[in-house]
Chemist: 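I'd like to ask some things about the structure below.
Sequence lines set the chain letters: A, B, ... in the order given, protein chains first and strands last, and positions in each chain run from 1. All heavy atoms count here, side chains included; hydrogens, waters and symmetry mates do not. Note that the structure is a prediction, hence the values are computed from the model and not measured.
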Amino acid sequence: MTTAPVAAPSRLSGPRPRPKPMHRRARLMARRLPVWLLVAVLLLVMLYPQFWMIMGSFKTQTEFFANPTWALPEQFNLDNYIDAFTRGNVGINYRNSILVTLPSVALIVLAGLSAGYALEIMIFKGRRQILLFVMGGIMVPGQMILVPLFTVYFQLGITDSLLPMILTYTAMGIPLTTFLMAAYFRAIPREIFEAATVDGCGPLRSFFVIAIPLMKNSMLTIGLIQFFSVFNDLLIALTFTTRPDLATIQVGLLSLSDQYGSTQYGALFAAISINIIVLLIVFVFLNKKIMAGLAAGSVKG
Amino acid sequence: MSRVFGDRKTILILLLPTLTIYVMLKVIPVAWSLGLSFFQGNTLRGFEFVGIENFQTFLSDDAALNSVWVSVFFAVVVTAAQVTFGYLLALLYVFVLRKGSAFVRTAVFFPMVLPTVAVSLLFKSLIAVGENQGPVNDAINAFGGESVEFLASTSGTMTIAIVMTLWSSMGFYAVLLYTGLLDIPEEVVESARMDGATGPRLVGYIIIPLSLPILLSSIIFSLNATLKVFDSLLALNNGGPGTTTAPLTLYMYRTAFEYAEYGYGSTIALALTLLCLVFTLVVFRPSSKRVED
């Protein structure tokens with residue numbers, strides 16, 4: 001077994017079969033047929049709904065009623081998209097989502113990075129306890145802090161801005177991020193930081209010139225996890241959105257569906273499709289990082 | 001060396017901002033919310049101390065108890081289904097598709113990054129009935145069936161919610177478990193095969209026991225995520241018909257912000273937190289023993 005030249009590691013079916021006569025190869029393919037059918041059905045179920053929605057976003061109102069649902073649009077007209085942006089406020093919703101998400105994610109990553117460094121690289125009494133205290137926050141559902149925060153924000157008079165959302169997302173993102181950052185710092189050999197000290201570099205300086213460059217990858221990974229959880233959140237956005245012009249994409253979509261109901265499919269489909277297309281583009285460029293990042297966040301969380 | 005890394009000023013500069021935000025915006029609100037659960041009222045009306053009355057109300061409130069049931073049912077069914085499907089997909093990726101699984105993995109994973117609201121509205125359109133019928137009912141008609149109005153019934157709404165959640169998140173659990181399977185040492189699998197274990201026996205006796213830790217992590221993660229379900233059930237049918245598919249999260253939101261019952265809302269939030277804690281402990285306690293053995 002070990003001496004056989006195995007090209008690809010194949011665990012269940014053993015070493016790769018030698019070239020076979022035609023009829024045996026055909027039999028092998030027939031045996032694989034159910035698997036390919038299964039994969040085809042799987043892909044159809046996963047991809048068709050999204051394809052159907054994007055195609056629907058190009059249809060006119062008459063096409064929706066006259067043609068069967070699976071028909072392709074007669075032509076790619078962009079009226080629905082124009083409608084979504086002009087009457088559906090999709091542009092404003094996007095702007096709000098970006099204005100909320102980017103500062104939140106930046107603050108979360110910065111807060112988690114510095115706390116992770118302090119708790120893992122610096123040495124002082126009680127740092128284990130502080131880490132546990134921060135990690136405890138991972139378990140607490142968002143509903144638990146909504147009412148007190150709503151009261152405070154109202155009394156501070158900042159409910160007419162996006163600030164309440166940014167503050168809340170930052171606080172909610174800190175526990176998991178600090179925990180992950182501490183875990184990543186633990187994986188870096190301490191000697192690197194000690195060598196820097198010998199060379200006369202203070203701990204704060206080594207945070208900036210050594211830790212940050214070393215953690216670039218981890219920062220991107222954690223930033224992506226937090227980006228998706230903030231960008232896709234509805235609960236916080238719904239609670240702290242007091243005016244329609246502060247609505248994020250999720251809140252906007254929800255009100256769009258209430259407003260149009262079953263009468264105006266086009267604009268709704270366009271609004272959802274914009275979501276799918278934008279995230280698809282981000283995903284295509286970063287899919288490995290996103291998959292690894294989300295997986296890391298969940299196993300450790 | 002330890003004097004340098006024990007420098008007070010540096011520790012404070014790095015740790016204090018994060019701790020301040022965390023304590024001010026998370027820890028204090030949690031404590032505050034705990035306290036509020038013994039009160040009735042809201043900021044405009046004023047608060048009145050009522051002791052454990054909110055908890056008594058909770059236990060005799062049919063809508064609240066139904067919400068507990070919805071949350072638990074949804075969490076258990078979806079967790080069982082998505083970890084099972086995720087595991088089957090992971091096995092498919094590792095043992096059948098092997099190196100060629102990248103495209104399938106990506107395509108099945110992608111819906112995970114879509115906003116839940118968008119997914120809910122997509123499914124709502126897929127199952128729409130009437131003048132502008134969705135493809136699901138068109139397909140049912142094509143096979144000679146009557147159109148089904150899924151969202152008109154509790155069981156129909158629940159079914160769609162479960163299918164929808166599976167659709168959007170099973171690819172994520174598949175990737176999670178896939179990375180777990182890749183960590184199993186090649187030699188262990190090889191030697192088991194030499195001993196004559198194949199197919200289902202290999203999976204049952206070797207692969208599953210070896211991937212138990214990651215399976216348990218997935219179960220805990222999934223339970224915690226599904227117990228907090230909010231967006232999808234709100235966007236799909238607003239907890240309807242009536243309030244029959246409203247989970248605790250949605251019931252809490254309504255109580256606090258639509259009926260302005262801050263005290264009772266806090267009690268419901270506390271119940272939700274306890275539920276998450278209990279579920280995690282139930283899965284975690286016996287499992288941590290087993291892993292140690």
Side-chain angles (χ1 to χ4, degrees), chain A residues 8-12 35 39 43 46-47 49 52-53 64-65 68-70 111 114-115 117-118 122-124 134 137 139-141 143-149 151 167 170-171 174 194 197 203-204 228 232 234-235 239 250 253-254 257 262 265 272 275-276 279 283 287 290-291 294-295 298-299, chain B residues 1-2 4-7 10-11 13-15 18 21-22 25-26 29-30 32-33 36 43 95-96 98-99 104 106-110 113-118 121-122 126 131-135 138 172 175-176 179 186 189 217 221 228 230-231 235 249 252 256 262 265-266 269 272-273 276-277:
Chain A
S10 49
R11 289 161 166 188
L12 270 188
V35 173
V39 171
L43 287 179
M46 296 315 293
L47 300 176
W52 175 76
M53 170 111 336
F64 273 116
F65 296 116
T69 47
W70 52 78
S114 58
Y117 181 86
M122 302 301 285
I123 300 164
F124 57 98
V134 177
M139 288 283 298
V140 180
Q143 273 79 6
M144 201 66 189
I145 58 171
L146 286 186
V147 170
L149 287 183
T151 314
L167 290 173
T170 307
I174 282 177
E194 288 174 355
T197 312
L204 194 59
F228 284 105
N232 293 348
L234 178 69
L235 179 68
T239 311
Q250 314 317 322
L253 272 182
L254 199 64
S257 86
S262 57
Y265 271 90
I272 301 173
N275 243 304
I276 295 181
L279 290 169
F283 191 71
N287 81 66
I290 293 170
M291 292 207 268
L294 289 180
S298 70
V299 176
Chain B
M1 193 63 70
S2 69
V4 176
F5 286 107
D7 181 43
T10 313
I11 295 168
I13 292 173
L14 291 174
L15 194 57
T18 309
I21 301 174
Y22 178 65
L25 294 171
K26 185 112 193 194
V30 167
W32 186 341
S33 183
L36 271 182
T43 20
F95 293 120
V96 184
R98 290 185 212 130
K99 291 240 149 66
V104 182
T106 312
V108 180
F109 183 91
F110 176 65
V113 304
L114 293 178
T116 335
V117 180
L121 297 179
L122 168 59
L126 284 173
E131 301 182 277
N132 182 16
Q133 189 160 285
D138 267 354
F172 166 73
V175 167
L176 194 64
T179 42
E186 194 83 15
V189 181
S217 305
F221 183 72
K228 294 175 192 163
F230 177 75
D231 328 20
T249 50
M252 182 273 162
Y262 285 9
S266 299
L272 176 69
T273 310
C276 290
L277 207 69

Chemist: Go through B:Val96, B:Val104, B:Val175, B:Ile13 and name the one with the most non-hydrogen pairs under 4.5 angstrom from chain A.
Modeler: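 That would be B:Val96.
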
Chemist: Which answer fits A:Leu43, side chain, backbone, both or neither, if we ask what part of it has an atom under 4.5 Å from a heavy atom of chain B?
Modeler: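 The side chain, not the backbone.
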
Chemist: Give me the atom names and distance for the closest heavy-atom approach of B:Tyr22 to A:Gly137.
Modeler: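 Smallest heavy-atom distance, with atoms named: OH-N, 3.2 Å.
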
Chemist: Mind ranking A:Ile276, A:Val134, A:Leu167, A:Leu146 by heavy-atom pairs under 4.5 Å with chain B and telling me who comes out on top?
Modeler: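 Going by pairs under 4.5 Å, I would pick A:Val134.
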
Chemist: Going through the distances and angles, do B:Thr10 and A:Met122 end up as a side-chain contact (heavy atoms from CB on, under 4.5 Å)?
Modeler: CA-CA 9 Å; B:Thr10 313; A:Met122 302 301 285; 3.8 Å; yes

Chemist: Given a strict heavy-atom distance threshold of 4.5 Å, which part of B:Lys228 is in contact with chain A: side chain, backbone, both, or neither?
Modeler: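 Looking at B:Lys228, just its side chain touches chain A.
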
Chemist: What part of B:Phe230 lies closer than 4.5 angstrom to a heavy atom of chain A: side chain, backbone, both or neither?
Modeler: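 Interface part for B:Phe230: side chain.
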
Chemist: Would you say A:Ile145 and B:Leu25 make side-chain contact, with heavy atoms under 4.5 Å?
Modeler: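 Of all side-chain heavy-atom pairs linking B:Leu25 with A:Ile145, none is under 4.5 Å.
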
Chemist: Taking C-beta and beyond as the side chain, do B:Phe109 and A:Leu294 meet within less than 4.5 Å on heavy atoms?
Modeler: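 They are in side-chain contact.
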
Chemist: Counting heavy-atom pairs under 4.5 Å to chain A, which of B:Leu36, B:Thr179, B:Leu15 comes out on top?
Modeler: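 Going by pairs under 4.5 Å, I would pick B:Leu15.
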
Chemist: Counting heavy-atom pairs under 4.5 Å to chain B, which of A:Ile174, A:Leu47, A:Thr170, A:Val39 comes out on top?
Modeler: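 Among the listed options, the one with the most contacts to chain B is A:Ile174.
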
Chemist: Decide yes or no for B:Ser33 and A:Val147: does some side-chain heavy atom of the first lie under 4.5 Å from some side-chain heavy atom of the second?
Modeler: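 Answer no - side chains too far apart.
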
Chemist: Would you name the heavy atoms of A:Met144 and B:Thr273 that are closest together and state the gap between them?
Modeler: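 Heavy-atom minimum between the residues: SD-OG1, 3.3 Å.
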
Chemist: Output yes when a side-chain donor or acceptor of B:Tyr262 lies under 3.5 Å from a complementary backbone atom of A:Thr151, and no otherwise.
Modeler: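 A pair under 3.5 Å: no.
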
Chemist: For the pair A:Tyr117 (side chain) and B:Leu14 (backbone), establish whether a donor and an acceptor sit closer than 3.5 Å, ignoring hydrogens and angles.
Modeler: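 Between the backbone of B:Leu14 and the side chain of A:Tyr117 there is no qualifying donor-acceptor contact (under 3.5 Å).
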
Chemist: Taking A:Asn275 for its side chain and B:Leu114 for its backbone only, find out whether a donor-acceptor pair lies under 3.5 Å.
Modeler: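 Flag not set: sc A:Asn275 to bb B:Leu114 has no pair under 3.5 Å.
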
Chemist: Which bit of B:Thr43 is near chain A, if near means a heavy-atom gap under 4.5 Å: side chain, backbone, both or neither?
Modeler: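 The answer is the side chain of B:Thr43.
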
Chemist: Are the side chains of B:Thr249 and A:Pro141 in contact, using a 4.5 Å heavy-atom criterion?
Modeler: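 Side chain of A:Pro141 against side chain of B:Thr249, heavy atoms only: no contact under 4.5 Å found.
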
Chemist: A side-chain contact here means heavy atoms from C-beta on lying under 4.5 Å apart; do A:Leu279 and B:Pro115 qualify?
Modeler: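 A:Leu279 reaches B:Pro115 side chain to side chain.
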
Chemist: For the residue pair A:Met291 and B:Thr106, establish whether any side-chain heavy-atom pair is separated by less than 4.5 Å.
Modeler: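 The answer is yes, as the side chains (C-beta and beyond) meet within the 4.5 Å cut-off.
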
Chemist: Can you give me the closest heavy-atom contact between A:Met53 and B:Leu122, atom names plus distance?
Modeler: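 Answer, listing the atom of A:Met53 first, then B:Leu122: CE-CD1, 3.4 Å.
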
Chemist: What are the two closest heavy atoms between B:Leu277 and A:Met139, and how far apart are they?
Modeler: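 Shortest heavy-atom separation between B:Leu277 and A:Met139 comes out as CD1-CE, 3.3 Å.
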
Chemist: Distance from A:Leu254 atom CG to B:Thr116 atom OG1, nearest 0.5 Å?
Modeler: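 Reported to 0.5 Å precision, the distance equals 11.5 Å.
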
Chemist: Considering only heavy atoms, which portion of A:Val140 lies under 4.5 Å from any heavy atom of chain B: side chain, backbone, both, or neither?
Modeler: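 The answer is both parts of A:Val140.
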
